[in-house]
Amino acid sequence: MADLPPLNGLRAFEVSGRRLSFRAAADELGVTQGAVAQHVRQLEAYLGLMLFDRLPKGLALTSVGRSYHSRVSSAFQELREATDQIKPEPGKVLISVTPTFASKWLIPNLPEFAERHPEIDLRILATEKLSSFHSDGIDLAIRQGAPPFGAALEASRLFRQDVIAVVAPSLLGQVKGLALADQLARLPKIHDTHDLWPRILGALDVEDLSTRKLRLSQTALAVDAAISGQGVALVNRFLASRDIAAGKLAELGPLPPVEGHDFYLLTQRRSGPNPAIDTVLTWLRSKSD
């Protein structure tokens, strides 16, 4: 396996190839023009190839230099991204949440947080996958489930699971005056990945008489479908509270409780305080039920 070329030469070559000028590269790197030119000559000597054509008013990459520069630039960019991912940034907090939690609760509440704490750069990683505090570089996570979540994690409950049935007011008018069991029996059902309808209908001893069913991959999509009048969706109360208050949804109920799988705030056990993370934690906990 070949040894690595001189790293100073690679850096000088990468910048010079972008700027096509040893002088401009020297300004960017904070060294002399002669130092940049020397590093590039040493790299060319190591490779036994000419990477630049020296012109009266600058530089031009040779054909082999152009190809080499593309790969060297990609390698430096990969190093920058890897460093950015692990390098602590004061004021930056990365939180991992599900897409439904992000769209139905966190993003609508962000203006309040930003107004109170403009100095904090709160970043959101919205994914259904379980994120890693180490490999994904996250600082906080919110997940639905039940403890324990891991020996290295601290968990505090944010929201209890409180499942309600929601429907567009226009669709509710079709079954107005009927008992809850009859309403649920007749209205079309919107299913998500939690698939709670069989449990709810079984607990109420209700037979599903609707002929139309819609199945979606996320609760947020089920709620949006309910708003558009596609049927009844099951959702945790705190995720639908804004749409109910705005008159976009009406609640059917009461429903039998669905135990377990509350929403928890997960943090890594730390040896010392982190002011930005602690601020976000305090704000989130102030919003919990």
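Residue numbers count from 1 along this sequence.
- Remark: Gln42 engages no residue in a side-chain hydrogen bond (donor to acceptor under 3.5 Å, both in side chains) (not counting sequence neighbours).
- Taking the salt bridge (Lys or Arg N to Asp or Glu O under 4.0 Å) definition, one finds that Asp182 meets it with nothing, sequence neighbours left out.
- No more than 12 heavy atoms of other residues, nucleotides or ligands shown are found within 6.0 angstrom of CG on Asp205.
- Under the rule for a salt bridge (Lys or Arg N to Asp or Glu O under 4.0 Å), the partners of Asp224 that lie at least two apart in sequence or sit in another chain are Lys104.
- Listed by chain and residue number, nothing satisfies the ring-ring contact (aromatic ring centres under 6.0 Å, His included) test with His194 (two or more places apart in sequence, or in another chain).
- Within the structure, the side chain to side chain donor-acceptor pair (under 3.5 Å) test picks out no pair touching residues 169-180 (sequence neighbours left out).
- With hydrogens and angles disregarded, no donor-acceptor distance shorter than 3.5 Å links the side chain of Thr100 to the backbone of Gln218.
- Here the options are Leu265, Asn274, Asp139, the test is side chain to side chain contact (heavy atoms under 4.5 Å, CB included), and the partner is Leu281; only Leu265 passes.
- A donor-acceptor distance shorter than 3.5 angstrom exists from the side chain of Ser286 to the backbone of Trp283, with no hydrogens or angles considered.
- Arg116 and Thr279 form no side-chain donor-acceptor contact under 3.5 Å, judged by distance and modelled atom types alone.
- Annotation: salt bridge (charged side-chain N to carboxylate O under 4.0 Å, His left out) contacts involving residues 8-23, sequence neighbours excluded, comprise Arg11-Glu14, Glu14-Arg18, Glu14-Arg80, Arg18-Glu28, Arg19-Glu28.
- Taking a 4.5 Å side-chain heavy-atom cut-off between Ile, Leu, Val, Met, Phe, Trp and Tyr, the cluster of Trp197 extends to Val163, Val167, Leu171, Leu172, Val175, Leu178, Leu180, Leu184, Leu187, Leu196, Ile200, Leu201, Leu204, Val206, Val232, Leu234, Leu252, Leu255, Val258.
- Checked by atom type and distance alone, the side chain of Asp262 never pairs as donor or acceptor with a backbone atom of Arg157 at under 3.5 Å.
- Judged by distance alone, with hydrogens and angles left aside, the side-chain atoms of Ser288 form a donor-acceptor pair with the main-chain N or O of Arg285 at under 3.5 Å.
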Kindly list each side-chain donor-acceptor pair under 3.5 angstrom involving residues 51-60, sequence neighbours excluded, with atom names and distances?
from  : atom 1 : to    : atom 2 : distance (Å)
Arg54 : NH1    : Glu44 : OE1    : 3.3
Arg54 : NH1    : Glu44 : OE2    : 2.9
Arg54 : NH1    : Phe52 : O      : 3.2
Arg54 : NH2    : Glu44 : OE1    : 3.0

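- For Lys189, the salt bridge (Lys or Arg N to Asp or Glu O under 4.0 Å) criterion is met by Asp208, not counting sequence neighbours.
- For Asp243, the side-chain hydrogen bond (donor to acceptor under 3.5 Å, both in side chains) test picks out no residue, with sequence neighbours left out.
- Between the side chain of Arg66 and the backbone N or O of Leu61, at least one donor-acceptor pair lies under 3.5 Å.
- Partners of Asp192 according to the salt bridge (Lys or Arg N to Asp or Glu O under 4.0 Å) rule, which considers only residues two or more places apart in sequence or in another chain, do not exist here.
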* Step by step, work out the side-chain contact (heavy atoms from CB on, under 4.5 Å) result for Ile95 and Arg123. => CA-CA 6 Å; Ile95 182 170; Arg123 304 181 185 183; over 6 Å; no
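- For Phe159, the ring-ring contact (aromatic ring centres under 6.0 Å, His included) partners at least two apart in sequence or on another chain are Trp105, Phe238.
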